[in-house]
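First the proteins, then the strands, lettered A, B, ... as listed; each starts at 1.
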Amino acid sequence: MINITFPDGTIREYEEGVSGLDIARSLSNSLARMVLSINVNDELWDLTRPINQDAAIKLNKWEDEEGKHAFWHSSAHLMAEAIELLYPGTKFGIGPAIENGFYYDVDPGDDVVITDGDLPKIEKKMKELVSQKNSYQREEVSKEEALKFFDNKGDQYKTELISELEDGTISFYRQGSFTDLCRGPHLADTSPIKAIKLLSLAGAYWRGDETRKQLTRIYGVSFPKAKMLEEHLELLEQAKLRDHRKLGRELELFTFSQRVGPGLPLWLPKGAELRERLENFLKKVQRAHGYEPVITPHIGQKELWETSGHYAKYGKDSFQPINTPQEGEEFLLKPMNCPHHCEIYKFKPRSYRDLPVRLAEFGTVYRYEQSGELHGLTRVRGFTQDDAHIFCRPDQLKDEFMKVIDIILYIFKTLDFKDFVTQISLRDPEDSEKYIGTDENWEKAETAILEAVKAKGMESVVVEYGEAAFYGPKLDFIVRDALGRKWQLGTIQVDYNLPERFELEYIGADNQKHQPVMIHRAPFGSMERFVAVLIEHTAGKFPLWLTPDQAVILPISEKYHDYAEKVSEFLKNYDIRTLIDGRSEKIGKKIRDNELKRIPYLLIIGEKEQESNTVSVRRQGEGDKGVMNLEEFAAFLQNEVESQLESI
RNA sequence: GCCGAUGUAGCUCAGUUGGUCAGAGCAGCUGAUUUGUAAUCAGCAGGUCGGGGGUUCGAAUCCCUCCAUCGGCUCCA
């Protein structure tokens with residue numbers, strides 16, 4: 001007999017060789033039906049794998065990540081089986097469970113192309129296979145056997161994977177006619193997989209390497225209940241309604257023009273209004289934190305970026321130099337603002353007493369992103385960074401870094417961004433070629449970030465190696481869009497390299513020259529990306545202080561149209577933007593209902609209101625706020641905006 | 001850049017196997033209506049069917065090519 005310890009601490013005795021499924025059955029039949037995988041001493045196991053010693057276990061159901069993982073991983077194998085039957089000779093890459101479903105990378109051979117239209121066929125085959133209730137069987141194999149098996153099959157992808165594994169750690173899983181190299185765990189059999197949907201198809205380089213073959217990646221999702229699939233698909237549909245590209249057009253915030261060029265957004269009046277409100281908000285915050293605004297041109301001599309090191313690294317893949325009538329003269333559209341700001345720092349000798357110098361600019365930059373990378377407003381070729389560079393003494397670095405963290409957290413809080421991830425991006429220790437600067441400088445910069453983050457008590461921060469900028473490590477703030485894709489917004493980067501390259505200095509208390517440290521930072525990241533994510537987070541219902549049109553004026557008949565115009569003009573003086581409902585408006589547009597719903601205030605005017613120089617105020621979703629004269633309303637609204645900002 | 005898909009009026013979409021297939025709704029314009037809030041009525045106007053080539057007696061429909069967009073991959077200063 002062996003002792004099995006449950007998560008709640010209770011211990012029960014079982015026969016040696018008992019399986020997770022046996023244990024679940026011993027507790028209740030319904031549990032046995034719902035359980036999908038098991039943790040044995042914190043290792044993920046199959047339910048059917050025998051337990052031969054005392055162990056602490058946890059049974060994983062659908063609700064547990066580990067349960068879902070096994071479910072989707074098994075679904076991936078099932079899909080592979082279906083594909084192998086439909087496309088004999090297909091070779092398989094990897095097929096993992098992912099956050100929302102699973103995929104498998106397959107190589108059906110050079111003459112075979114799998115397209116969207118084939119997905120239903122594969123789906124159907126999978127469902128057939130499910131009904132066979134094949135079990136997933138684990139088998140430990142030697143490296144030699146494993147290599148031989150896939151060599152016979154001619155699957156070079158699997159043999160490549162196996163050759164990197166250590167003998168004695170290799171296992172196969174079989175279900176039906178399909179055998180895969182796999183660590184597991186898997187479901188006991190296919191029967192729980194009740195609902196399957198293959199979602200999309202994409203090319204994916206083998207092992208993520210651009211120089212290697214591109215396999216066909218098939219994405220799918222599966223569920224234990226048909227209803228759950230329906231709900232999942234419904235959720236995806238809902239998310240599409242919040243897509244910033246759709247709302248951006250509907251709300252008339254921004255557009256693109258093929259004639260202007262891909263990735264070059266055109267901000268429409270309302271979008272520009274929204275953006276301006278955001279910029280003003282940030283300017284106010286920055287003023288309070290000792291930042292000084294600067295303005296620099298959109299181009300600069302190529303030499304600037306040769307000095308910074310950017311040209312050597314990105315020159316070929318950038319917008320190419322601008323030539324002038326002067327032979328040999330070359331300018332670049334600026335892909336970043338740092339060199340310009342460095343030159344501003346150098347404008348005059350700096351004393352240690354002057355530091356930190358914080359130079360801020362909404363700087364528009366141009367980067368030639370790969371065509372396939374462009375994405376609405378989140379990835380564009382011309383965008384405006386809410387950029388600033390802080391030049392400080394080494395002893396001020398940690399404190400300055402922490403202050404920037406405060407600003408970013410404040411802004412995220414203000415805009416109600418709760419679901420963000422913070423990530424420390426360090427260099428890849430294996431690949432020093434990718435980075436400029438000395439090891440010593442990198443050490444210092446990385447240590448500074450780690451210390452600042454620690455001092456801030458940021459616990460959930462993730463450390464990623466190889467994600468650093470080529471000139472320095474950074475702390476990134478990452479937010480998800482409507483469809484769950486991650487986008488980096490705020491960023492803070494520590495840089496010892498540019499100060500060196502630009503020979504920045506200050507005179508210390510010892511009357512000697514010293515080199516300042518530079519912090520690059522952008523709380524929004526870029527106005528474009530930030531607005532995109534903001535649109536998706538708010539579904540186009542912006543907070544009052546940001547919303548482009550804060551009130552809609554409704555004259556109940558044409559007679560009051562002139563008065564409506566007057567009200568609108570009056571409120572403009574208070575920075576309150578209004579729309580006039582067009583039903584009674586001879587010239588003008590009728591406001592669509594869904595648009596009207598997004599405007600927070602409704603001002604109704606009729607005879608009574610016109611005579612008394614007032615408006616009847618309604619707040620969307622809250623009802624009547626009473627009759628107010630125009631000054632009162634302006635004050636009321638401004639008050640609301642203030643209190644909204646203060647309550648943050 | 002790579003893989004797959006898509007591209008018909010400002011927007012959302014119909015257009016079966018190539019032969020009145022250039023259509024509808026919304027938006028727009030012109031009249032009428034004057035309404036205290038999820039679509040007032042009538043009429044008009046809108047498109048080299050993404051661009052260019054080709055096949056055909058005939059192409060929105062088939063083929064080639066370029067462009068843009070979408071889903072991914074790679075990239076992301």
>> For a quick test of reading the model: is some side-chain N or O of H375(A) closer than 4.0 Å to OP1 or OP2 of C76(B)?
In response: no

> Between K434(A) and R618(A), which has a closest nucleotide on RNA chain B that is more 5'?
Replying inline: R618(A)

> 5'-most contact on RNA chain B: S200(A) or K313(A), nearest heavy atom basis?
Replying inline: S200(A)

> Looking at A5(B), G36(B), U69(B), which one has an atom nearest to any side-chain atom of L374(A)?
Replying inline: U69(B)

> Regarding D476(A) and T491(A), is there a side-chain donor-to-acceptor distance under 3.5 Å anywhere?
Replying inline: yes

>> Would you measure the distance from the P atom in C11(B) across to the matching atom in C49(B) and give it in whole Å?
In response: 16 Å

> Taking OP1 and OP2 of G72(B), is either one under 4.0 Å from a side-chain nitrogen or oxygen of R485(A)?
Replying inline: yes

>> Any strand counts, and the cut-off is 3.5 Å on both contacts for Watson-Crick or G-U wobble. Which nucleotide pairs with G7(B)?
In response: C67(B)

> Does W305(A) reach the side chain of P321(A), with side-chain heavy atoms less than 4.5 Å apart?
Replying inline: no

> Would one find a side-chain N or O of R245(A) under 4.0 angstrom from OP1 or OP2 of U69(B)?
Replying inline: no

> So what does A202(A) hit on the nucleic acid, given a heavy-atom distance under 4.0 Å: a base, only sugar-phosphate, or nothing?
Replying inline: base

> How is Y219(A) classified with respect to the nucleic acid when contacts are heavy atoms under 4.0 Å: base, sugar-phosphate, or nothing?
Replying inline: sugar-phosphate

> Of the candidate nucleotides C76(B), G1(B), G36(B), which contains the atom at the shortest distance from the side chain of Y205(A)?
Replying inline: G1(B)

> Looking for any heavy atom pair under 4.0 Å, which part of the strands does E609(A) touch: base, sugar-phosphate only, or nothing?
Replying inline: base

> Using a cut-off of 4.0 Å on non-hydrogen atoms, how would the nucleic acid contact of L199(A) be classed: base, sugar-phosphate, or nothing?
Replying inline: nothing

> Can you tell which of G1(B), A77(B), G36(B) lies closest to the side chain of S371(A)?
Replying inline: G1(B)

> Nearest to the side chain of T115(A) - A5(B), G36(B), C75(B)?
Replying inline: A5(B)

>> By the 4.0 Å heavy-atom rule, please label P262(A) as base, sugar-phosphate, or nothing.
In response: sugar-phosphate

>> Do L268(A) and T255(A) make a side-chain contact, defined as non-hydrogen atoms from C-beta onward lying under 4.5 Å apart?
In response: yes

> Looking only at atom P, what distance separates U48(B) and G31(B), rounded to whole Å?
Replying inline: 27 Å

>> Considering every strand and a 4.0 Å limit on heavy-atom distances, what is the contact class for V113(A): base, sugar-phosphate, or nothing?
In response: sugar-phosphate

>> Apply the syn/anti split at 90° from 0 to G46(B) and say which one it is.
In response: syn

> S318(A) near the nucleic acid: base, sugar-phosphate alone, or nothing, with a heavy-atom cut-off under 4.0 Å?
Replying inline: base

> Would a line drawn from the ring center of Y314(A) to the ring center of F470(A) be shorter than 6.0 Å?
Replying inline: yes

>> I want to check one thing: is the phosphate of C67(B), taken as OP1 and OP2, less than 4.0 Å away from some side-chain N or O of R259(A)?
In response: no

> Base, sugar-phosphate, or nothing: which does Q214(A) touch, judged by heavy atoms less than 4.0 Å apart?
Replying inline: base

>> Under 4.0 Å, heavy atoms only, any strand: does G376(A) hit a base, just the sugar-phosphate, or nothing?
In response: sugar-phosphate

>> Using a 4.0 Å heavy-atom cut-off, does G117(A) contact any base of the nucleic acid, only the sugar-phosphate backbone, or nothing at all?
In response: nothing

>> Just to be sure I understand the rule, does S308(A) reach a base, reach only the sugar-phosphate, or reach nothing, if contact means heavy atoms closer than 4.0 Å?
In response: nothing

> From A68(B), C76(B), G36(B), pick the nucleotide closest to the side chain of S616(A)?
Replying inline: G36(B)

